[in-house]
Protein chains: 2
Amino acid sequence: MEFHQLRYFCAIADSGGFSRAARLTHVSQPSLSQQIHKLEEELGAQLFDRIGRTVRLTELGRAFLPRARALLSDLEAARSAVAESSTSITGSVCVGVIPTIAPYFLPPLLATFSRRYPQARVTVVEEITPLLLERMRSGAIDVAVVAVPLQARGHEFQTFPLIEEKLYAALPKRHALAKRKSITLGELHDEPFLLLRDGHCFRETAVAACKRARVQPKIIFESGQFSSILSMVCAGLGVSIIPAMALEKRNGCQFVPLEDGRATRAIGAVTLNGRSLSRVQQAFLTHLTAKIASKPAHPAQ
Amino acid sequence: MEFHQLRYFCAIADSGGFSRAARLTHVSQPSLSQQIHKLEEELGAQLFDRIGRTVRLTELGRAFLPRARALLSDLEAARSAVAESSTSITGSVCVGVIPTIAPYFLPPLLATFSRRYPQARVTVVEEITPLLLERMRSGAIDVAVVAVPLQARGHEFQTFPLIEEKLYAALPKRHALAKRKSITLGELHDEPFLLLRDGHCFRETAVAACKRARVQPKIIFESGQFSSILSMVCAGLGVSIIPAMALEKRNGCQFVPLEDGRATRAIGAVTLNGRSLSRVQQAFLTHLTAKIASKPAHPAQ
DNA sequence: AGAATGGATAGGCATTGCCTATAGGACTAG
DNA sequence: CTAGTCCTATAGGCAATGCCTATCCATTCT
């Protein structure tokens with residue numbers, strides 16, 4: 001049983017004849033005859049009585065007609081549902097973001113996105129990069145905003161660069177170097193360091209910067225968030241390295257740009273390669289990249 | 001979009017892979033690949049994400065899946081509804097019958113039929129033959145029980161002979177010939193005749209019998225039913241011709257068989273040629289012919 | 001690294017759906 | 001009653017297509 005057979009059946013039932021139906025469906029009359037015969041054979045019963053030169057539904061055909069109609073209209077409904085869902089911006093986006101980006105970067109973007117696409121439902125997952133990537137692989141997360149480049153195999157994910165921000169040394173206000181215009185990590189080689197816990201990729205970024213400056217940081221405290229670290233810095237317990245977006249006005253804290261030109265953090269949006277994005281998801285990604293382009297990459301302190 | 005594509009789609013979604021689905025559906029993996037590609041192309045969107053060597057539904061595919069399932073199960077439902085309705089004896093039969101047969105012949109048959117097929121709904125239409133035939137042509141009546149043979153073109157209707165009954169002269173009890181074992185119409189040529197109204201085919205039967213006996217009946221009364229006529233005969237107003245099944249015990253009336261060997265009425269079941277009968281309708285027809293075979297064609301007076 | 005697994009692609013074959021032409025019935029008009 | 005017409009069924013041919021095998025390519029497991 002095929003859809004076109006059902007179409008022909010309905011057309012014949014509606015128009016009351018094979019020839020009339022043939023004109024309606026733009027199919028030759030013999031084709032209709034043939035397909036209805038096939039259908040009748042498959043069902044093991046006649047759908048039409050051919051009496052004289054008129055055609056009339058059998059009782060069975062009369063019973064079958066509404067079902068055939070329902071099938072056809074459901075087919076149409078399914079087809080147009082697909083068409084609709086590929087034009088309308090509806091549905092949900094699940095965006096993953098690492099903790100060192102989440103509080104500074106995402107909120108304003110989410111606000112504008114929700115205002116622009118009220119139908120869209122956005123959920124945010126805040127995890128460290130490897131967990132985000134794993135959830136991307138499993139399909140739970142659609143887009144991730146993380147530090148780039150990724151370590152993962154080059155072609156497993158697709159990266160959309162967003163911004164690159166400078167790194168700053170965070171010093172207690174009364175620190176000897178706190179008034180400097182810029183600073184090198186070498187100048188801090190004796191200071192106690194406050195860094196993020198292992199697992200946070202920004203820790204690697206900071207450690208890498210230290211390594212470039214041939215500094216082996218003395219880590220005396222590890223935390224999961226910058227605000228804790230900054231509080232410690234204010235209290236004069238040590239120094240830290242902070243990305244531009246995490247700078248916040250604090251009484252006891254001073255931020256000095258690192259001289260190292262490579263001391264930056266690049267942030268990008270990442271999607272699983274080969275994964276098709278729905279319209280909302282695509283829109284979200286576009287929203288990210290577009291909005292960022294018009295945003296200052298290095299906001300003043 | 002075709003049913004087999006939907007089947008493949010569901011199989012792949014269920015089994016989680018083309019190869020697995022290929023084993024399930026007994027179709028080669030390339031065929032599945034091909035058909036899904038076609039489907040995706042027609043819909044203008046991907047249904048699956050092929051990531052690495054795993055396959056996962058896209059959001060759209062996830063939305064499409066229940067619709068595809070519904071279509072397939074509705075198809076199955078339609079198919080089995082047809083199968084069921086061609087095995088189960090359910091539904092309605094509309095049987096037409098002429099007034100000169102209806103009261104005598106049908107009631108016991110309807111009773112046994114209804115007892116045997118309680119699901120069946122039988123409706124009876126009582127009309128004169130030409131109207132019954134017209135309603136057969138329009139499909140309103142499924143089977144008609146009428147006097148045969150029909151005048152109509154030989155192949156328009158199909159006839160199933162049921163019984164052939166003798167004709168009787170109905171005479172007032174005190175009529176001179178009332179005690180005879182048999183009688184010819186010639187012997188009644190001067191009598192006033194009470195006959196059925198024009199349109200009733202038994203009138204033609206009776207008139208034909210008279211014509212054979214070279215009698216021109218003097219018709220003094222016409223009615224639509226035998227019981228009225230018999231009452232008149234009882235009252236001594238005239239004589240009549242009555243088929244065997246219409247004989248009823250009456251005080252003032254005597255029935256004498258006609259000698260004319262051809263003075264009979266044949267009754268048959270008739271269906272429109274080319275018209276397919278449902279199971280109930282077929283069962284009713286069978287019931288008619290079968291039950292009749294075991295019935296005495298000429299019940300004693 | 002090599003083997004195994006899974007999907008995509010290419011090419012060939014058989015099926016099939018549609019076409020035109022025509023047969024054959026049945027209704028209609030002269 | 002016959003010619004004409006209107007309808008469905010059939011026959012035959014052609015192009016499209018669904019399925020197959022063989023193979024490729026990427027991924028994943030050992």
Side-chain angles (χ1 to χ4, degrees), chain A residues 1-9 11-13 15-42 46-58 61 133-134 137-138 152-157 272-276, chain B residues 1-9 11-42 46-58 61 133-134 137-138 152-158 272-276:
Chain A
M1 204 182 320
E2 301 298 335
F3 278 118
H4 65 265
Q5 293 173 334
L6 298 181
R7 256 186 289 277
Y8 297 166
F9 168 69
I12 295 168
S15 68
F18 284 65
S19 295
R20 264 179 295 280
R23 282 188 285 273
L24 288 179
T25 57
H26 308 293
V27 168
S28 75
Q29 170 268 314
S31 297
L32 295 189
S33 193
Q34 209 175 340
Q35 292 304 309
I36 295 301
H37 271 289
K38 271 194 122 164
L39 186 54
E40 288 178 329
E41 191 178 351
E42 180 182 346
Q46 281 195 218
L47 292 169
F48 295 105
D49 281 329
R50 289 82 159 170
I51 297 170
R53 77 191 198 195
T54 67
V55 162
R56 199 180 312 132
L57 282 170
T58 61
L133 297 187
E134 190 45 46
R137 287 191 194 93
S138 75
R153 284 164 303 180
H155 51 304
E156 187 180 9
F157 296 99
L272 185 61
N273 227 337
R275 190 174 148 160
S276 69
Chain B
M1 206 181 318
E2 301 298 334
F3 279 118
H4 65 265
Q5 294 172 335
L6 298 181
R7 256 185 290 278
Y8 298 166
F9 168 69
I12 295 168
D14 290 342
S15 69
F18 284 64
S19 294
R20 265 179 294 282
R23 282 188 284 274
L24 288 179
T25 57
H26 308 292
V27 168
S28 74
Q29 171 266 315
S31 296
L32 294 189
S33 192
Q34 210 175 337
Q35 291 305 308
I36 295 301
H37 271 291
K38 269 195 123 164
L39 186 54
E40 288 179 329
E41 192 179 349
E42 180 182 346
Q46 281 195 218
L47 293 169
F48 295 105
D49 281 329
R50 288 82 159 170
I51 298 170
R53 78 189 197 197
T54 66
V55 162
R56 200 179 311 129
L57 282 171
T58 61
L133 297 186
E134 190 44 48
R137 286 191 194 94
S138 75
R153 280 165 306 178
H155 51 304
E156 186 179 10
F157 296 99
Q158 190 171 3
L272 187 60
N273 227 338
R275 196 182 142 159
S276 68

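Atoms considered below: every heavy atom in the structure, side chains included; atoms not considered: hydrogens, waters and symmetry mates. Each chain gets a letter, A, B and so on, in the order the sequences are listed, and its residues count up from 1.
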Is it true that Arg137(B) and Glu156(B) make a salt bridge, defined as a side-chain N closer than 4.0 Å to a carboxylate O? yes
Charged N to carboxylate O under 4.0 angstrom, Glu40(B) versus Arg50(B)? yes
Find which nucleotide of DNA chain C each of Ser28(A) and Ile51(A) is nearest to by heavy atoms, and output the residue with the more 5' nucleotide. Ser28(A)
Measure the distance from [atom1] on [X] to [atom2] on [N] and round it to the nearest whole Å.
{"X": "Ile36(B)", "N": "dC19(D)", "atom1": "CD1", "atom2": "C1'", "answer": "14 Å"}
{"X": "Glu156(A)", "N": "dA26(D)", "atom1": "CD", "atom2": "P", "answer": "16 Å"}
{"X": "Gln5(B)", "N": "dG18(D)", "atom1": "CD", "atom2": "C1'", "answer": "10 Å"}
{"X": "Glu41(B)", "N": "dT17(D)", "atom1": "CD", "atom2": "P", "answer": "11 Å"}
{"X": "Lys38(B)", "N": "dA8(C)", "atom1": "NZ", "atom2": "P", "answer": "16 Å"}
{"X": "Phe3(B)", "N": "dG17(C)", "atom1": "CZ", "atom2": "P", "answer": "14 Å"}
{"X": "His26(A)", "N": "dG17(C)", "atom1": "NE2", "atom2": "C1'", "answer": "18 Å"}
{"X": "Arg56(B)", "N": "dG6(C)", "atom1": "CZ", "atom2": "C1'", "answer": "15 Å"}

In the 5'-to-3' direction, what one-character label does each nucleotide of nucleotides 2-15 of chain D receive under the scheme B = base within less than 4.0 Å of a protein heavy atom, S = sugar-phosphate only, - = no such atom? ---BBSBBB-----
Least distance between heavy atoms, Ala22(A) atom then Leu32(A) atom: N-CD1, 3.3 Å
Would you classify Phe48(B) as touching base, sugar-phosphate or nothing, given that sugar-phosphate means primed atoms plus P, OP1 and OP2, and contacts are heavy atoms under 4.0 Å? nothing
Asp49(A) and Ser276(B) side chains, donor-acceptor separation under 3.5 Å: yes
Donor-acceptor pair, side chain of Glu42(B) and main chain of Leu39(B), under 3.5 angstrom: no
Step through it carefully: locate the ring centre of Phe18(B), locate the ring centre of Tyr8(B), and say whether they are under 6.0 Å apart. no
